[in-house]
Asker: 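Right, I'll just put the structure down here and ask away after.
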Amino acid sequence: MHRRHSISTWLGLALLGIVAPFCLFLWFLAAQLQQNATDAVDRQTLRSAQSISHTVEALIESMKTTLSLLSSTEDLAAGDLETFHRRSQYALQGTGQFVIVTDRDGRQLLNTRVAYGEELGTISDMDGFKRALEAGRTIVSDFFMGRTSGKWVFNVLDPINEGTVSQASMLVTTMNVDDLAASVSQVPLSAGWSAVIVDGQDNVLFADGPETMERGDRGLLPDQFGNLDMSDGPRVVHFEDSEEQVFAYSPVRGTSWNIAVWGPLSSAQKPIVETWKMLLAGTLTLLVVCIVVIYAASRLLKREVRGMTQMALDLGRGDIVPPVETRIREIDLVARALSTASYDRSTKDEQLGFVMGELAHRTKNLIAVVLAILRQSAKHAETPQQLVRTATERIQGLGRSIDLLTSGDSNSVTMRDLIENHLSTFAQIGTSVILAGPVVKLGPDVVQHLGMAFHELATNASKHGALSVASGRVEITWTLDDSEDPARLKLTWREQGGPPVSVPEKTSFGTRILLGHTSSSLGGTTELDYRSEGLVWTLDVPASALHQRYSEDGGLQDS
């Protein structure tokens, strides 16, 4: 047995059912907001790393362009290194770039950092020098301490094609990493975030300052920095340092360098925490308000429901219940409904008796139609099996008409609905069967009478007529003629493309339905024309007959 609870209990459960999913949704929303914020920080961090990478790539490309222009000068080709030194020094003034020319052994022939003719040794970056000679193409070195400048620098080295008069074999542009850091620091970063350039030897250049650290000096870097493999960038990772850090790195194309950007994830979580606090406070406030409202509503509902209970008891005893007024509109509706119900009880009893009489009347008519079908089928059946088959087919056709009437509003069945219902089992509507005519609504009795006629026509056409061959076709057309008074419905069934037609030797039950029963039941005329090219059946009835009621005997007479 189900446990019963008060209105207050049910309202409380309803409140719980509303608030609990709401709280879960808030929790999901806050988690989603936090995840979205984290994803946004990841994307921004990676974009920052890639932006710095593009800035460095652009700077290196400008140095390569400088090499390309300088390598094609006439002074260098003619071996006039002094003029080449003077013009290069002037052209690169203010760019932060310097030019070095070496022979095949790496000895410096000139260096625009110093005056031409000063004693120079071999180039500081012999490793990069050898790699450029072996590769035969332009390469970018790692960071190293330059002997001439006394500062951390990097080189872009380009082998010179043979053909110069001088001993020049390598053309180099060099730049201080201080200047590189200054150009990279123009990319904005959030407070507390850092960016570095890491070369192939793990030397680190901070993008926000000129500080460069050799391998092993990691005092200003995250603890997990040394455990990261940046060979598969660009990529974003998270790791724990003093707090959770977001770390992104991106390679610099054409070099062994990587750009790394990192910062605390908490910078993205602060607004989420504030949002969560506001949502929590709002939820608690809403919960308190809902509890107060539900308590007041439950007291009011209890009082009004008790009044409705008394009205229902009075109605059950057969009393006339007067309407009452409450403070709840819906309960007022229930009260008026109970009052109306008490006045309508006698009327409903009369209506029920009428419905039962109508049901008995229609049942009697259907039984009369079925008995007439059985009697007529028995007259023309040669064997019991033929009687069973014929009667079954005709009763099934009558059943399809009844199904059509009971599937919806019995007064909304149209001529097209009726024809499609009976012929869809015999042929494809629209292909073998062509329909054309206006919308004509039929009454329940007309549906049965015409349904039997269409069933007989379709059965005959499928066995002996146009529908018995693939090339056959049936055209069914109907019109409403308003020129006559009263208006009349004219329908034509025309078969084409079937076997040749001849007049039957004896009149069958189907013929009597098509010529006698249909015309007499609808008060019109019918004709059967056995044309050699195909059977033609016409129906001409008053339009008013399409909505007539059932006859007392079912409308099917024995012939």
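If you read the sequence from its start, that first residue is 1, and numbering goes on from there. Just so it is clear, the values below take in all heavy atoms, side chains as well, and ignore hydrogens, waters and symmetry mates. Values in this document were obtained by computation on a predicted structure and should not be read as measured data.
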Asker: Hey, is CZ on Arg87 packed in by over 12 heavy atoms from elsewhere, all under 6.0 Å?
Answerer: no
Asker: Going by side chain to side chain donor-acceptor pair (under 3.5 Å), Thr122 matches just one of Gln108, Arg147, Arg107. Which one?
Answerer: Arg147
Asker: So do the side chains of Val177 and Lys151 get within less than 4.5 Å of each other, counting heavy atoms only?
Answerer: no
Asker: The test is side chain to side chain contact (heavy atoms under 4.5 Å, CB included); show your working for Met170 and Val101 and say whether it passes.
Answerer: CA-CA 6 Å; Met170 184 73 66; Val101 178; over 6 Å; no
Asker: Any sub-3.5 Å donor-acceptor pair from Glu495's side-chain atoms to Val474's backbone N or O?
Answerer: no
Asker: Mind listing the closest non-hydrogen atom pair of Gly497 and Val469 along with its distance?
Answerer: O-CG2, 3.5 Å
Asker: Where do Ser468 and Ser462 come nearest, in terms of heavy atoms and distance?
Answerer: CB-O, 3.4 Å
Asker: Are Arg416 and Asn421 linked by a side-chain donor-acceptor pair shorter than 3.5 Å?
Answerer: no
Asker: Do the side-chain N and O atoms of Arg47 and Gln44 include a donor-acceptor pair separated by under 3.5 angstrom?
Answerer: yes
Asker: Could you state the interatomic distance from OH (Tyr249) to OG1 (Thr45), rounded to the nearest 0.5 Å?
Answerer: 13.5 Å
Asker: Roughly how far, to the nearest 0.5 Å, is the CG atom of Leu59 from the NE2 atom of His54?
Answerer: 14.5 Å
Asker: Can you find a pair of side-chain heavy atoms, one from Pro438 and one from Val440, that are under 4.5 Å apart?
Answerer: yes
Asker: Please confirm whether the backbone N or O of Asp179 pairs with a side-chain atom of Asn176, one donor and one acceptor, at under 3.5 Å?
Answerer: no
Asker: If I take atom OG1 from residue Thr148 and atom CD1 from residue Ile100, how far apart are they, to the nearest 0.5 angstrom?
Answerer: 6.5 Å
Asker: With the side chain counted from C-beta on, respond yes when Pro251 and Pro234 share a heavy-atom pair under 4.5 Å apart, and no when they do not.
Answerer: yes
Asker: Between Val172 and Val99, is the side chain to side chain contact (heavy atoms under 4.5 Å, CB included) condition met? List the steps.
Answerer: CA-CA 6 Å; Val172 182; Val99 176; over 6 Å; no
Asker: How far apart are the closest heavy atoms of Met175 and Met63, and which atoms are they?
Answerer: CB-CE, 4.1 Å
Asker: Are Asp417 and Thr414 linked by a side-chain donor-acceptor pair shorter than 3.5 Å?
Answerer: yes
Asker: Could you tell me if Gln97 and Thr66 have a donor-acceptor pair between their side chains, going purely by distance under 3.5 Å?
Answerer: yes
Asker: Are the side chains of Trp152 and Leu205 in contact, using a 4.5 Å heavy-atom criterion?
Answerer: no
Asker: Less than 4.0 angstrom from a charged side-chain N to a carboxylate O is my criterion; do Lys64 and Asp158 meet it?
Answerer: no
Asker: Is a side-chain donor-acceptor pair under 3.5 Å present for His85 with Asn111?
Answerer: no
Asker: Do you know which two heavy atoms are closest between Arg104 and Leu133, and how far apart they sit?
Answerer: O-CD1, 3.9 Å
Asker: Are Gln89 and Gln93 close enough that some pair of their side-chain heavy atoms sits under 4.5 Å apart?
Answerer: no
Asker: Please tell me whether Arg494 and Thr477 have a donor and an acceptor in their side chains that are separated by less than 3.5 angstrom.
Answerer: no
Asker: Which pair of non-hydrogen atoms, one from Ile139 and one from Ala132, has the smallest distance, and what is that distance?
Answerer: CD1-N, 3.6 Å
Asker: Do Asp125 and Asp127 come within less than 4.5 Å of each other through their side chains, counting heavy atoms only?
Answerer: yes
Asker: Any side-chain heavy atom of Pro264 within less than 4.5 Å of one from Trp193?
Answerer: yes
Asker: Nearest heavy-atom pair of Leu423 and Ile476: which atoms, and what distance?
Answerer: CD2-CD1, 3.8 Å
Asker: Are Thr65 and Glu61 linked by a side-chain donor-acceptor pair shorter than 3.5 Å?
Answerer: no
Asker: Hydrogens and angles aside, do Asn155 and Thr174 bring a side-chain donor and acceptor to less than 3.5 Å of each other?
Answerer: yes
Asker: If you apply the rule side chain to side chain contact (heavy atoms under 4.5 Å, CB included), what do you find for Trp257 with Ile60, and how did you get there?
Answerer: CA-CA 12 Å; Trp257 304 356; Ile60 292 175; 3.8 Å; yes
Asker: Distance check, rounded to the nearest 0.5 Å: Phe98 atom CZ versus Ser149 atom OG?
Answerer: 8.5 Å
Asker: Look only at the side chain of Ser71 and the backbone of Ser68, and say whether a donor-acceptor pair between them is shorter than 3.5 Å.
Answerer: yes
Asker: Using 0.5 Å steps for rounding, measure from the OG1 atom of Thr112 to the CZ atom of Phe84.
Answerer: 9.0 Å
Asker: Verify whether one side chain among Asn258 and Ser250 offers a donor that lies under 3.5 Å from an acceptor in the other.
Answerer: no
Asker: Got a donor-acceptor contact below 3.5 angstrom from the Asp142 side chain to the Asp199 backbone?
Answerer: no
Asker: Show your working on side chain to side chain contact (heavy atoms under 4.5 Å, CB included) between Ile160 and Leu76 and close with a plain yes or no.
Answerer: CA-CA 10 Å; Ile160 299 175; Leu76 183 63; 4.0 Å; yes
Asker: Can you tell me how far apart CG (Leu120) and CG (Leu110) are? Round to the nearest 0.5 Å.
Answerer: 8.0 Å
Asker: Does the side chain of Ser88 reach to within under 4.5 Å of the side chain of Leu70, using non-hydrogen atoms?
Answerer: yes
Asker: Under 30°, 30 to 60°, or over 60°: which ring-plane class applies to Trp262 and Phe247, parallel, tilted or perpendicular?
Answerer: parallel
Asker: Any donor-acceptor pair under 3.5 Å linking the side-chain atoms of His238 with those of Gln245?
Answerer: no
Asker: Give a yes or no on whether the backbone of Leu69 and the side-chain of Ser72 come within a donor-acceptor separation of less than 3.5 Å.
Answerer: yes
